[in-house]
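Read the structure below first, then the notes.
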Amino acid sequence: MSQPALPLESDPLSSSTTTAQSAAVYKADEIEPRWRERWEADRLYATPDDSDRPKWFSLTMYPYPSGILHIGHWYAFAVPDVFARFQRMRGYNVLFPMGFDAFGLPAENAAIRHNIHPASWTFENIDQMRGQYNQMGAMIDWSRQVITCSPEYYRWNQWIFLKMLERGLAYRKAGAVWWCPKDQTVLANEQVLDGNICERCGSEVVKRDLEQWYFRITEYVEELLQELDNLDWPERVKTMQRNWIGRSEGARLIFEVEGTDPLEVFTTRPDTVWGATFMVLAPEHPLVEKITTPDRAQAVEAYVTAARNQTEIERLSTDASKQKAGIFTGGYAINPVTDERIPIWIADYVLMGYGTGAIMAVPAHDERDFAFARTFDLPIRVVIQPDGETLDPATMTEAYSGDGRMVNSGHLDGTEVPASIPIVIDWLEETGRGKPEVNYRLRDWLVSRQRYWGTPIPVVYCDDCGMVPVPIDQLPVELPLDAEFTPTGQSPLVSHEGFLNTICPTCGKPARRETDTFDTFVDSSWYWYRYTSPHDDALPFDPAIAEMWTPVDLYCGGIEHAILHLLYARFFTKVLRDLGLVKHSEPFERLRNQGMILAEEGTKMSKSRGTQVSPDELVRQYGADSLRLHLMYLGPWDQGGPWNTRGITGMERFIRRVYGLVAETVEVDAGATADAETARKLERLTHKTVQRVTTDLLDFQFNTMVAALIEFSNGLNDLKTPELMAAPEWRDAIETLVLLMAPSTPYVAEELWEKLGQPYSVHTQNWPPYDPELARDDVVEVVIQINGKVRDRVVLPADASEESATAAARTAEKIAPALEGMQIVREIYVPGRLMNFVVKPR
RNA sequence: GCCGGGGUGGCGAAAUGGCAGACGCAUCGCACUCAAAAUGCGACGGGGCAACCCGUGGGGGUUCGAAUCCCCCUCCCGGCACCA
């Protein structure tokens, strides 16, 4: 009688084998969702304001809700998450919040293109991205979330603005500003890239005369510059800020002008004023019209118009060494030290935006003035002679800007340059010709934008009262959600009657609302304070709670914010300090920048070329833990580099090995004890690893930290025997390994901690301590060199004396014969490392 | 042009005055397997049978000893660039 074949799953033998195996096999897709739910249910990441632990505020730049997290977001956030978790285990009460920089142009563009409201588009994206952050295993307390496009948040932008208005730190001014025709808005100077390109959309921007809102950041310029010195920030970021602020010391000099007001100039080289043979004004200079003589008027006007309409290409071609363009006004000034009549020219190499918009030209000692003088055949006079050569204006081919002695300079002839500069300034001041002056490149921050999706600027315009601020108790001025988007790109606020028409708070007559909104950099200039009391409805944040959490201990983010965001944030902090809301002056004590993840071929990741890497796909395949490790392991975090997908398998293997180690360990009945030698080996390996992992994390060296973890597990595998696994020493080592992995691989560490029978949660455990004494080797391998070349090596006790080390070295197998017939000239001993015999033939 | 950062095996890298290439990837060999995957063990800068020799972008220097410090050159990346 034939029996039907049993289905596989009902075979008792085969099914039990499967169960035993599956318990020992790592399955990320089973472990990760399970713990994620548990942590969420338990509010494991809730951050209390009242704690007896010291605080640690770890901030990472919040993202723009563009729709989906890419691998760069993971790199920027998962790695700081490791550090935040590490700090939590080290005993800190860690604030590690997250929010969304939710105002901005992409939402409006999506509205126009896909007929979806910016608010819906933004909030859908936020939902999606929050889910992805959770998947990453990020330690975020979402109850503190800040979303800048919610009235709850932006009303405080308006509040801060009104306070700034009161103090004269916000003001309206007409002037030439950058306008982007594509985005239909003005831009801050900082948002215009080289070649007059819009930072956001890449189109060419133009100058327009418009009345705009500004924040008086220049009020704080000296403080913004000086306090950089005390910040623990990457040096290159500080350098970029210093360059941007552009402080230069010099003097303001007054030149009388025939027939009109005097001209003032700023110069860093007042000692060269005897060599000023002409003057140059920027084309936009207000005195151009008055100075220009009637016979020159037509030509000057033509030049000025052309200069103002210069295109990008023409601008790029104006290189300092190339021919200079300009035109003579017909007017003359008087050199204040030589009393000579000198011609006044106009040229676009003088910028209206810097100094006074006018210069004294000293062609002999300034490269640009030299080029201009040669082009227009203007006189050149040498007033500084270098040692050892004699400059002759007739034969000079370039300006001389180095040191030397003053000549042709009246009573100051012979004075040494550069010591001459303060001497000249003093004399000019005493004689009423000028005064010392410090100039900065930094301009006030243009904050108004002709866009819809941003914070409405809370002022109204009344025919009788003029510009009137909206009273604080009427905030927020809400952005109307029933806006109509048209393809013209014009802000819908301009034609929104319901928004536009209001009542003057002062006189009660009909008035018109401001339709401009704030630059989104306003939102990000103080958002971290809001995390400390995200629901406060009396002030932007509760000063007492903020005082407890801030300043931020560690700020992580991309180098692309080196100037704009970080400078504005520093400025706001000083304003908030002066408003009495915070006590400190600097918001971010330590700053660390991550590098950029490139596509595998080393170019920028691009959607159109399909070189983008999807973290979701990698999580599905390998799990978040492996991806986190892989990102840390790519190389130094601040360096970034090309992505490679293959390497992630190594991290998965590592996790699987550790998983196997723990699974095997828990199956063994405890009871045995290890022999002394093995116990010592385990102890040393454990302490060594804790030391390496701890110091690497503190130094932000995540790649070598992961290497130390891998080496630990490899070392344990090598030592592993069935007997040892039953010993308590082994168990300690395994538990330590799991604790050390907890910040890096939060999911699998939690799983293994549970398997080891330890109390939930691994993430609330203390970071394991280490003892450098116990980490130390008791025998060392000492390299023996002859004349600096490695010839042999000997194993010695770590505490071997120099005498015994030398004796051992001399008699080492390959050394003894080599020393035969040689005279030892010198012996160098580096304890525990190296012995070098310097020898010569006898 | 000026200011930073960098150049180390097939690849990512480590070592910041003392054994160059830890650790990982890829590759190759072996074991396990009917087989594959997974896993485990081993090899893995170049030359040489070997003793050894050469080797950290190139050249020079300092040092007992240099990837590491100094000088010159070169290439790559980033920032700034008529700022008076």
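Here the structure is a predicted model, which means the values were calculated and not measured. Below, all heavy atoms of this structure are taken into account, side chains as well, without hydrogens, waters or symmetry copies.
A salt bridge links R269(A) with D271(A); the closest basic N to acidic carboxylate O contact falls under 4.0 Å. Taking a cutoff of 4.0 Å between a charged side-chain nitrogen and a carboxylate oxygen, D229(A) and R242(A) qualify as a salt bridge. Classification of R592(A) and D232(A) as a salt-bridged pair holds, one side-chain N sitting under 4.0 Å from a carboxylate O.
The same atom, P, is picked in rC28(B) and in rA37(B); the two are 11 Å apart, to the nearest Å. Taking atom C1' in both rG48(B) and rC11(B), the straight-line distance is 27 Å, to the nearest Å. For the P atoms, the distance linking rG24(B) with rA14(B) amounts to 15 Å, nearest Å. Nucleotides rG42(B) and rA22(B), compared at atom P, are 15 Å apart to the nearest Å. Between the C1' atoms of rA51(B) and rG47(B), the separation comes to 14 Å (whole Å). Spacing between rC77(B) and rA15(B) at atom P, rounded to whole Å, works out to 25 Å. Nucleotides rG45(B) and rU27(B) have their C1' atoms positioned 15 Å apart, rounded to a whole Å. One C1' atom belongs to rA43(B), the other to rG21(B), and the distance between them is 16 Å to the nearest Å.
Proximity note for R653(A) (side chain, C-beta onward) versus rU39(B), rA13(B), rA84(B): the nearest is rU39(B). With rC19(B), rC82(B), rA84(B) as the candidates, the nucleotide lying closest to the side chain of D348(A) is rC82(B). Nearest nucleotide to the side chain of L834(A), out of rC53(B), rG18(B), rC23(B): rG18(B). Side-chain atoms of T704(A) lie closest to rA15(B) of the nucleotides rC23(B), rC82(B), rA15(B). Counting only heavy atoms from C-beta on, T268(A) has its side chain closest to rA84(B) among rC64(B), rG24(B), rA84(B). Among rG18(B), rC23(B), rA26(B), the nucleotide with an atom closest to any side-chain atom of R833(A) is rG18(B).
For rG12(B), the base adopts the anti conformation, since its glycosidic angle falls more than 90 degrees from zero.
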Fill in: Watson-Crick and G-U pairing of RNA chain B, under 3.5 Å, as dot-bracket with | and [ ]
(((((((..(((.....[....))).(((((.......))))).(((....)))..(((((..]....))))))))))))....

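Residue K720(A) contributes atom NZ, which lies 13 Å from atom C1' of rC41(B) at whole-angstrom precision. Atom C1' of nucleotide rG24(B) and atom CG of N714(A) are separated by 10 Å, given to the nearest angstrom. Regarding L253(A), its CG atom lies at a distance of 14 Å from the P atom of rA84(B), rounded to whole Å. Rounding to whole angstrom units, CG of residue N644(A) and C1' of rA26(B) are separated by 10 Å. Rounded to whole angstrom, the span from the CH2 atom of W345(A) across to the C1' atom of rA84(B) amounts to 18 Å. Distance, E367(A) CD to rC2(B) C1': 11 Å, rounded to whole Å. Atom P of nucleotide rG12(B) and atom CG of L598(A) are separated by 12 Å, given to the nearest angstrom. What separates CD of E711(A) from C1' of rA14(B) is a distance of 10 Å, to the nearest Å.
Residues I784(A) and V794(A) are in side-chain contact: their nearest non-hydrogen atoms beyond the backbone lie under 4.5 Å apart. Looking at L629(A) and F654(A), their side chains come closer than 4.5 Å, going by heavy atoms from C-beta outward. Side chains of M605(A) and W643(A) form a contact here, defined as non-hydrogen atoms less than 4.5 Å apart.
Mapped onto RNA chain B by nearest heavy atom, V783(A) and D718(A) fall at different nucleotides, with V783(A) at the one closer to the 5' end. In terms of position along RNA chain B, the nucleotide closest to R657(A) lies nearer the 5' end than the nucleotide closest to the other residue of the pair R657(A) and M360(A).
Residue contacts shown for V280(A) are absent, as no nucleic acid heavy atom lies under 4.0 Å away. Contacts of R791(A) with the nucleic acid, taken as non-hydrogen atoms under 4.0 Å apart, involve only primed sugar atoms and P, OP1 or OP2. Among the atoms of the strands shown, none is found under 4.0 Å from any heavy atom of D369(A). At the heavy-atom level, N703(A) lies under 4.0 Å from the strands shown only through sugar-phosphate atoms. Using a 4.0 Å heavy-atom criterion, one finds that E827(A) contacts no nucleic acid atom at all. Residue R441(A) is in base contact, counting any heavy-atom pair closer than 4.0 Å across all strands shown. Within the 4.0 angstrom heavy-atom criterion, only backbone atoms of the sugar-phosphate kind lie near P636(A); the bases stay farther away. Base contact: I828(A) has a heavy atom under 4.0 Å from a base atom. Among the protein residues, N836(A) comes within range of the nucleic acid bases, having at least one heavy atom under 4.0 Å from a base atom. As judged by a 4.0 angstrom heavy-atom cut-off over every strand, E781(A) is placed among the base-contacting residues.
For the pair R381(A) and W274(A), the NZ or CZ position fails the cation-pi test of under 6.0 Å to the six-membered ring centre and within 45 degrees of the ring normal.
For R826(A), a side-chain nitrogen or oxygen approaches OP1 or OP2 of rC64(B) to under 4.0 Å. Here T649(A) does not reach the OP1 or OP2 of rG24(B): none of its side-chain N or O atoms lies under 4.0 Å away. Of the side-chain N and O atoms in K789(A), one or more sit less than 4.0 angstrom from OP1 or OP2 of rC54(B). Checking the phosphate oxygens (OP1, OP2) of rU39(B), a side-chain nitrogen or oxygen of R656(A) falls inside 4.0 Å. Residue Y354(A) places at least one side-chain N or O under 4.0 Å from the OP1 or OP2 atom of rA84(B).
The backbone N or O of P283(A) sits nowhere less than 3.5 Å from a side-chain atom of D348(A) that would complete a donor-acceptor pair. Checked by atom type and distance alone, the side chain of D792(A) never pairs as donor or acceptor with a backbone atom of A812(A) at under 3.5 Å.
Aromatic ring orientation, H561(A) versus H565(A): perpendicular (interplanar angle above 60°, classes split at 30° and 60°).
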I'd like a table of atom pairs between the protein and nucleotides 3-5 of chain B - only N or O on both sides, under 3.5 Å - with the distance next to each one.
none

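A donor atom on one side chain and an acceptor atom on the other are not found under 3.5 Å apart for N439(A) and S248(A).
Residue K720(A) qualifies as enclosed at atom NZ: its count of foreign heavy atoms under 6.0 Å is above 12.
Considering only residues two or more places apart in sequence or on other chains, R247(A) meets the side-chain hydrogen bond (donor to acceptor under 3.5 Å, both in side chains) condition with E222(A), E249(A).
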